[in-house]
Structure formats: structure tokens, C-alpha cells
Amino acid sequence: MLITLHNITKIYRPGAYQIYALQGISLGVPPGEFLAVMGPSGSGKSTLLHILGCMDQPTAGEYYLAGQMISNLSAKSLAKIRNKKIGMVFQSFFMLPRFTALDNVALPLMYADTNGKSEREMAGAALAKVGLADRAHHLPQQLSGGQQQRVSLARALVNNPELLLADEPTGNLDRETGFQIMKLLIQLNQSQGLSIVMVTHDLEMAAFADRRIVLRDGFIISES
Ligand code: ADP
Ligand code: ADP
């Protein structure tokens, strides 16, 4: 398994008013799977994605990523794993407005060991993967929403992560553009074997995934 979660619990504000955001999540994601995570607002989707993305630790339970125990690591080790193994895209594109597409994509390489490879070449290759090689020197404001999301996808992939985490990646896009982003995710999943966990409210988008889980009140209530 690429991801194994065993009885993951997350409690916010431990004490008198504690909130059980996740209540014993167990889940396996094999390498190359495209998994959709669904559920109403407040059901724990973001919390789950934060834990998978090594941005937060569970209160209890075990998380293994590619065989490595994650859930007892320090914040510093978590950051290392995040930079090396995980790419993330969000509903918002989070572009630096004064940076070109290429420079936005190259940003994560500032913290990475590129083994002597040129950062600009790696960023260019990532832009080519999302079909935007010809927009490398454009500023974000010169790009459409769909193109900006593709740039943020290139930025997520520039380190060649094993796992892509996507939080409502089509949430800020019109339907047609959203489908184009989904098509690109499916292509990356199928042709490059990229494993994807995507949070979405959108049944039509979730239908493209290999598997769907639905959260409610911090539990997995169904799978299809
Ligand atoms: P979703 O992404 O499905 O909307 P979340 O994971 O954001 O769900 O939230 C799950 C529950 O945890 C909700 O009750 C939410 O209010 C609570 N929660 C999320 N983050 C925090 C936090 N940092 N502090 C306290 N409560 C939080
Ligand atoms: P999403 O729309 O992706 O589900 P949310 O609106 O649930 O995101 O949460 C946005 C951010 O606010 C997250 O980082 C989450 O951890 C935090 N958050 C959510 N609920 C609470 C809360 N009750 N108290 C503090 N922080 C929260």
C-alpha cells in the first residue's frame, strides 16, 4: 500500500470542548489509485487531507506512507517528507502574482535537492506535462483560471511526488474547465502512475476516480 491508515483519530481542542474531527479512520490506498473523498461540510475531509499531507499529526492511530511510519515524526521530519513525496493542489491557485508561470512552478525546488539538475529545466518539464510549455513566461494574471490551476498542478508535480493531494481542485472553475482539469488528473494517474487523493463535493467529478469514500462526522460511512 502507498497509504495505510489505522484507526486515525483527530481531536481538536482537547479538554472540555473537544471536537472529534476524525473518529477511527482505517484506509488503504494502493500505489496508482485515484481516490475521491466526499462528505458534507465539517465531516473531516480537510483534516484527513492535512494528515495525509503531513501538515498535521493525528491524535491517535497510525499513518504509514510508502511503508514509513509517519504518525510519530517530528514537525521537521514531516516537512521533509512533504517536500519530497507529496504534491498538493487546492481550490485556490496560490500563484505569486509577480512571478512567471515558470518561476511559480520552480518555487518548491528552493527547498529540494535537485541532484544538480537545473531548476528551470525541471520547472519547464513540469509545465510541459500539464500542456503549458508555451505559457512559461506569462504572469498569472495573463492566464485563465484553468491555466492557473494547471500551473499550480505543475508546481505540485515538479518534485516528482509519489502522491498528489487535491482539495476541491475544480471548485473555482466553470464546469467545462473543471472537466479539463479532471481529464489531466486522470491522464497523470493513468500514464504516469501518479497516486491521487482528491477531496470533492462534486459527484460528477468524483465519478472519474477509481474509488470513492464518504465521510460523515469523522467516520467513513460508505465506499463505492
Ligand atoms: P470538512 O473539510 O469536511 O469540512 P474539517 O476537517 O474542516 O471538515 O472539519 C471537521 C471538524 O473539525 C469540524 O467540526 C470543524 O469545525 C473542526 N475543525 C477543523 N479544523 C479545526 C481546528 N483547527 N480547530 C478546531 N476545530 C477544527
Ligand atoms: P474546507 O472548505 O476545505 O472544508 P474549512 O472551511 O473546513 O475548509 O476549513 C478551512 C481551514 O479552517 C482549515 O485549515 C481548518 O483546519 C480550519 N478550521 C475549520 N474549522 C475550524 C474551527 N472550528 N476552528 C478552527 N479552525 C477551523
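The structure displayed is predicted, hence computed values, not measured ones.
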Q: Using a strict cut-off of less than 4.0 Å between a Lys/Arg side-chain nitrogen and an Asp/Glu carboxylate oxygen, indicate whether E223 and R211 qualify as a salt bridge.
A: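 Salt bridge: yes.
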Q: Any side-chain heavy atom of L215 sitting closer than 4.5 Å to one from I220?
A: yes
Q: Would you say that V199 contacts S46 through its side chain, given a criterion of any heavy-atom pair below 4.5 Å between the two side chains?
A: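 In short, these two side chains do not touch, never coming nearer than 4.5 Å.
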Q: If we only count heavy atoms from C-beta on, is the L143 to M95 side-chain gap below 4.5 Å?
A: no
Q: Restricting to non-hydrogen atoms, name the atom on N104 and the atom on L96 that form the minimum distance, rounded to 0.1 Å.
A: OD1-N, 2.8 Å
Q: Between the side chains of E62 and Y64, is a donor N or O closer than 3.5 angstrom to an acceptor N or O?
A: no
Q: Is it the case that the side chain of N189 and the backbone of G32 share a donor-acceptor pair, with hydrogens and angles ignored and the cut-off at 3.5 Å?
A: yes
Q: Under 4.5 Å between any side-chain heavy atoms of F219 and V214, yes or no?
A: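 With C-beta onward as the side chain, the pair stays apart.
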Q: If you take all heavy atoms of A21 and T47, which pair is closest and at what distance?
A: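 In terms of heavy atoms, the two residues are closest at CB-OG1, 3.8 Å.
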Q: Do NZ/NE/NH1/NH2 and the carboxylate oxygens of D103 and R120 come within less than 4.0 Å?
A: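 Yes, charged N to carboxylate O under 4.0 Å.
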Q: So, does N172 use its side chain to make a donor-acceptor pair with the main chain of Q91 at under 3.5 Å?
A: yes
Q: Side chains of V158 and L107, heavy atoms from C-beta outward: is any pair under 4.5 Å?
A: no
Q: If we count only N and O atoms by modelled type, under 3.5 Å, do the side chains of Q149 and S152 hold a donor and an acceptor together?
A: yes
Q: Between K85 and Q68, is there a side-chain heavy-atom distance shorter than 4.5 Å?
A: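 Yes - at least one pair of side-chain heavy atoms lies under 4.5 Å apart.
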Q: Is the backbone of K129 close enough, under 3.5 Å, to the side chain of Q192 for a donor and an acceptor to pair up by distance?
A: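 Checked: no pair found.
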Q: Identify the two heavy atoms, one from L52 and one from Y63, that lie closest to each other, and give their separation to 0.1 Å.
A: O-OH, 2.7 Å
Q: Salt bridge between R175 and E204, side-chain N to carboxylate O under 4.0 Å?
A: yes
Q: Could you report the tightest heavy-atom contact between P108 and V105, atom names first, then the distance?
A: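 Distance-wise, the nearest heavy atoms are CD-O, 3.1 Å.
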Q: Does a donor on one side chain sit under 3.5 Å from an acceptor on the other, for Y12 and T59?
A: no
Q: Could you tell me which non-hydrogen atom of P140 sits nearest to which non-hydrogen atom of P97, and how far apart they are?
A: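 Reported closest heavy-atom pair: CD-O, 3.6 Å.
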Q: Would you name the heavy atoms of L132 and Q147 that are closest together and state the gap between them?
A: CD1-O, 3.3 Å
Q: I want to check something: taking the side chain as every heavy atom from C-beta on, are E33 and S195 in contact at a cut-off of under 4.5 Å?
A: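 When only atoms from C-beta onward are counted, S195 and E33 do not touch, as no gap falls below 4.5 Å.
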Q: Output the distance between atom CZ (R135) and atom CD (Q142), rounded to the nearest 0.5 Å.
A: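 Between atom CZ of R135 and atom CD of Q142 there are 10.0 Å.
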Q: Are side-chain heavy atoms of L164 and L188 found at a separation under 4.5 Å?
A: no
Q: If you round to the nearest 0.5 Å, how far is CE of M88 from CG of L163?
A: 9.0 Å
Q: Counting distance only, does the side-chain N/O of S191 pair as donor-acceptor with the main-chain N or O of Q187 below 3.5 Å?
A: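 Yes, the answer is positive, given that a donor and an acceptor are paired below the 3.5 Å cut-off.
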Q: Kindly compute the distance separating CG (L48) from CD1 (I51), expressed to the nearest 0.5 Å.
A: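 L48 atom CG to I51 atom CD1 measures 6.5 Å (nearest 0.5 Å).
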Q: State the CE-CG distance between M55 and L49, to the nearest 0.5 angstrom.
A: 6.5 Å
Q: Taking K45 first and then D167, would you say they form a salt bridge - that is, a charged N and a carboxylate O separated by under 4.0 Å?
A: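 Salt bridge between K45 and D167, a charged N being under 4.0 Å from a carboxylate O: no.
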Q: Would the distance check show the side chain of S26 and the main-chain N or O of N7 forming a donor-acceptor pair, the cut-off being under 3.5 Å?
A: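 Such a contact is found between S26 side chain and N7 backbone.
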Q: Nearest 0.5 Å, please: how far is CG in L127 from CG in D134?
A: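 One finds 9.5 Å between CG of D134 and CG of L127.
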Q: Got a second to check how far T200's OG1 is from F208's CZ, nearest 0.5 Å?
A: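 Output value for this atom pair is 11.0 Å.
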